[in-house]
Number of protein chains: 4
Amino acid sequence: MKQTEKPNGRAERSKQAILDATRDLLAADGDVGSLTVEAVAARSGVAKTTIYRRWRDKWELALDAVMIDMLPSFANPVDVGDTRNELITFVDSVVKIWSSRPYGPAMQALVSQISTQPELARVYRERVVEPRRDQLAPVIERGIRRGDLRPDTDVRLVHEFLVGPILYRLLLSGPPLDRKLGTRLVDGILEGFKPPEKAAGTKRRR
Amino acid sequence: MKQTEKPNGRAERSKQAILDATRDLLAADGDVGSLTVEAVAARSGVAKTTIYRRWRDKWELALDAVMIDMLPSFANPVDVGDTRNELITFVDSVVKIWSSRPYGPAMQALVSQISTQPELARVYRERVVEPRRDQLAPVIERGIRRGDLRPDTDVRLVHEFLVGPILYRLLLSGPPLDRKLGTRLVDGILEGFKPPEKAAGTKRRR
Amino acid sequence: MKQTEKPNGRAERSKQAILDATRDLLAADGDVGSLTVEAVAARSGVAKTTIYRRWRDKWELALDAVMIDMLPSFANPVDVGDTRNELITFVDSVVKIWSSRPYGPAMQALVSQISTQPELARVYRERVVEPRRDQLAPVIERGIRRGDLRPDTDVRLVHEFLVGPILYRLLLSGPPLDRKLGTRLVDGILEGFKPPEKAAGTKRRR
Amino acid sequence: MKQTEKPNGRAERSKQAILDATRDLLAADGDVGSLTVEAVAARSGVAKTTIYRRWRDKWELALDAVMIDMLPSFANPVDVGDTRNELITFVDSVVKIWSSRPYGPAMQALVSQISTQPELARVYRERVVEPRRDQLAPVIERGIRRGDLRPDTDVRLVHEFLVGPILYRLLLSGPPLDRKLGTRLVDGILEGFKPPEKAAGTKRRR
DNA sequence: GACTAAGCGAGACGGTACGTCGCGTCTTAAA
DNA sequence: TTTAAGACGCGACGTACCGTCTCGCTTAGTC
């Protein structure tokens, strides 16, 4: 049995120490500059070499550190018989994670690296984007079956409509991510912006 | 008269050389790392000192360089009598700028700095986010007057629904920014995802 | 019986493998840098631990490796009835060993460590310098008895006159160690540099 | 005028600080390990980069540091009408420099690098070996003219006879470099080791 | 038409962190 | 019990850019 797989072996212990130190540093302040491999090494009581043995550079480390406990915190929307509520559950979990430390600031700091380094992008898509879309898919399916959503509703498009605006606020457009944001987004895309009287008779253009 | 204000003085000439070099380096490859102050100095035939005299650091320089010719390229949607077309014009100009060099890659590279440094964020909002919202406002107003949009349509929300998903694709979710994207986004938010027969009788919740 | 003393025990076999690997690496190229403990371990198929069990550090190992087969290769000058020839035999064995691989390059690489670390210096003197002087002593004694050398000839001084210049060439002054070098050195110290007519009547100053 | 050539410019000041720190560290203890570029930087209040800008590695720096004030300290033997005294003057200056700090220990530490790195070897020969031989040449010439030395006396050989044994003691054979050493060496090579009565009638073999 | 001071090129500098290398120690599983 | 395998703490390496700092030279604008 390899050492790395042993639950409480030295390898595992130092790995945890590194990830903890990384999260601490990311949470300490939003400054990307605070996350240095040397600082992680110092804080975790681990040698720099040990860090580089496991992660190619500090961005891979940071992504790992934030993803590992970001993933389980996603609310998995269960069937509550109400599509709107299920969508709000989904979108609120996005708002919640990105408005909490260290995840919001970490995302701000990491996003340039993720979108720039193909390997990081691949990992992020595989481990975050796709799982989240897979969580949303059954909600959409149930919504269509219930008659709450158009039969041709595209999961990918809905996903982008729900997450994109939150990302835009987090990164560029500024206003804080407040509690009501999720509800407004869900209502926005459910109802659309055409006035009801006109919407009734409109043929959907695609 | 100060030299800086003279149209073709030494100061102005070197400023242009610096901005040009910056754009060249950003366009050369998507790698952020290629943009170093020393590289800019070398390529523009200017001393590093001269760069630091004008910009606090390379991120301010980079933001300046890309904003300066990004701004005039925004399509200003004119009144064509059709709200949907006007919205598509707006959103297509976002898709277009972010899918072209060096603006897309530059945005990917800069977004972490913008969202992390308050001063950069302020500048970006003042000079990009708000002007774009100001462009969108008359479109929304005309749409409401024409009866194409609900009377309570929120410009800010529509803006975020149109730009957010594009940003999400550019940075994280991956799929390329294609030509049909703008149309799909506009139709998505106009119609909403409720089926027509139900949407007709629904009371909007806000 | 301890394993270390068993002629073909595991201990003895790995010791030989380590020494062989060390010599190979030293011979491979003159570069000292090629001799790393990790390289020795890899090449000998032995764990680093096993090396450190036997040698304090790589310099002790290296010195051991080169001394072990350097020692028996010393020509032990036998009584051939001619002092000059016996001295040439002695000095030529020094020239020969230091102009061959890996001994010359190894000496160049090791000399700083030997002269710097007291323990290594002690070992080198006990196992190389003194045995060689002990080889030279009977040659000098026979030379004095035969009337070929002054009665007060100092073995230590002759030894240093014969070996020193060779070492100087090997390490610093540069010219290659050629075959005639031994003869020139022996003649140089036998005759001295005073002209014969004067030397005859000179009283030796000491 | 280049800054580097300015006698008290920043460049020159930091260069001196670096060389001083290097000598201090070399003198502090004979340990080679004490001479680290980082230690030199720390002690001299200079950035590591500044050191690497001028010297390829710590060995070039060390060689420079010791050579610079070793060279002027060489006693240049003047014509005192007595060849033996002039030779003793020469050889004593070698004994003296190598028995003083930091030059002796530094030489012990550096000799492996000098003899191993062709570039260092070239510098050492050009700046130390050859100048010293050039100092010895006129002594030999005068000695021949005076009839104190054989007409075919080879400067190179005499030089090696005088310096080699000292080097051998410094590095390997052990006994300290004492004050009488120079005299013994000069007498040794002047008289040779053949007994006077035999030496008179001997034909020199070369 | 010379004088002078601001702005500039050039590039060395102190500094921080990088990612790498090899040392010598320590842990673990298998022989 | 000893070994091979190899992770680890450590310390230094040499590099890359950062942003600051002289230093003369250029170059306008003033006298």
Side-chain angles (χ1 to χ4, degrees), chain A residues 1-4 6 9-15 17 33 35-42 44-58, chain B residues 1-4 6 9-11 13-14 33 35-42 44-58, chain C residues 3-4 9-11 13-14 33 35-42 44-53 55-59, chain D residues 1-4 6 9-15 17-18 33 35-42 44-58:
Chain A
M1 186 191 276
K2 281 198 63 184
Q3 291 185 342
T4 7
K6 243 207 155 175
R10 200 161 47 146
E12 186 56 27
R13 260 180 289 121
S14 69
K15 183 176 176 182
L35 188 71
T36 31
V37 174
E38 296 199 329
V40 172
S44 64
V46 138
K48 257 198 309 176
T49 342
T50 304
I51 297 173
Y52 283 111
R53 243 172 237 128
R54 274 186 232 280
W55 293 276
R56 191 188 308 273
D57 57 32
K58 67 172 162 182
Chain B
M1 182 194 277
K2 281 197 62 184
Q3 290 187 338
T4 5
K6 242 200 153 177
R10 204 162 41 149
R13 261 181 288 120
S14 69
L35 187 71
T36 60
V37 175
E38 289 182 339
V40 172
S44 64
V46 139
K48 275 204 294 177
T49 333
T50 307
I51 297 174
Y52 283 109
R53 233 188 299 279
R54 274 188 236 282
W55 292 275
R56 188 190 305 274
D57 58 31
K58 70 170 164 181
Chain C
Q3 288 189 336
T4 3
R10 201 159 45 149
R13 260 180 290 122
S14 69
L35 187 70
T36 60
V37 175
E38 287 179 342
V40 172
S44 64
V46 138
K48 275 203 296 176
T49 334
T50 307
I51 297 173
Y52 282 109
R53 233 188 300 279
W55 292 275
R56 189 189 305 273
D57 57 31
K58 70 169 164 182
W59 302 114
Chain D
M1 185 191 278
K2 282 198 63 183
Q3 291 184 340
T4 7
K6 247 207 154 176
R10 202 160 46 146
E12 185 56 28
R13 261 180 289 121
S14 70
K15 183 176 175 183
I18 292 166
L35 188 72
T36 27
V37 174
E38 297 201 328
V40 172
S44 65
V46 139
K48 259 200 307 178
T49 339
T50 304
I51 298 174
Y52 283 110
R53 242 173 239 129
R54 275 186 232 279
W55 294 275
R56 190 188 308 274
D57 57 31
K58 68 171 162 184

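The sequence lines fix the lettering, A, B, ..., with proteins before strands; numbering per chain opens at 1.
An OP1 or OP2 oxygen of dG19(E) is reached within less than 4.0 angstrom by no side-chain nitrogen or oxygen of K48(A). The side chain of R54(B) contributes an N or O atom lying less than 4.0 Å from OP1 or OP2 of dC8(E). OP1 or OP2 of dC8(E) lies within a sub-4.0 Å distance of a side-chain N or O belonging to R53(B). Proximity of T50(D) to the phosphate of dG14(E): a side-chain N or O atom is located under 4.0 Å from OP1 or OP2. Taking 4.0 angstrom as the limit, K58(C) places a side-chain polar atom (N or O) nearer than this to OP1 or OP2 of dC23(E). Between T36(B) and dC17(F), a side-chain N or O to OP1/OP2 separation shorter than 4.0 Å is absent.
For T49(D) against dG15(E), a side-chain-to-base donor-acceptor contact under 3.5 Å is present. If you check distances only, the side chain of S14(B) never reaches the base of dG9(E) with a donor-acceptor pair under 3.5 Å.
What you find for I51(A) and V37(A) is that their closest heavy atoms are CD1-O, 3.8 Å. Residue A47(C) comes nearest to A41(C) through the heavy atom pair C-CB, 4.3 Å, listed as atom of the first residue, atom of the second, then distance. Here the closest heavy-atom approach between residue D57(C) and residue Y52(C) is recorded as CA-CE2, 4.5 Å. Nearest heavy-atom pair, S44(D) versus A17(D), reported as atom, atom and distance to 0.1 Å: CB-O, 3.4 Å.
dG6(F) atom C1' lies 14 Å from atom OH of Y52(C), rounded to whole Å. In this structure, the CD1 atom of I18(D) is 13 Å from the P atom of dA12(E), given to the nearest Å. Atom pair I51(B):CD1 and dT20(F):C1' shows a separation of 14 Å (rounding to whole Å applied).
Of the two residues near DNA chain F, D57(B) and E38(A), the one whose nearest nucleotide lies more 5' is E38(A). Both V46(D) and V46(B) lie near DNA chain E, and the one whose nearest nucleotide falls closer to the 5' end is V46(B).
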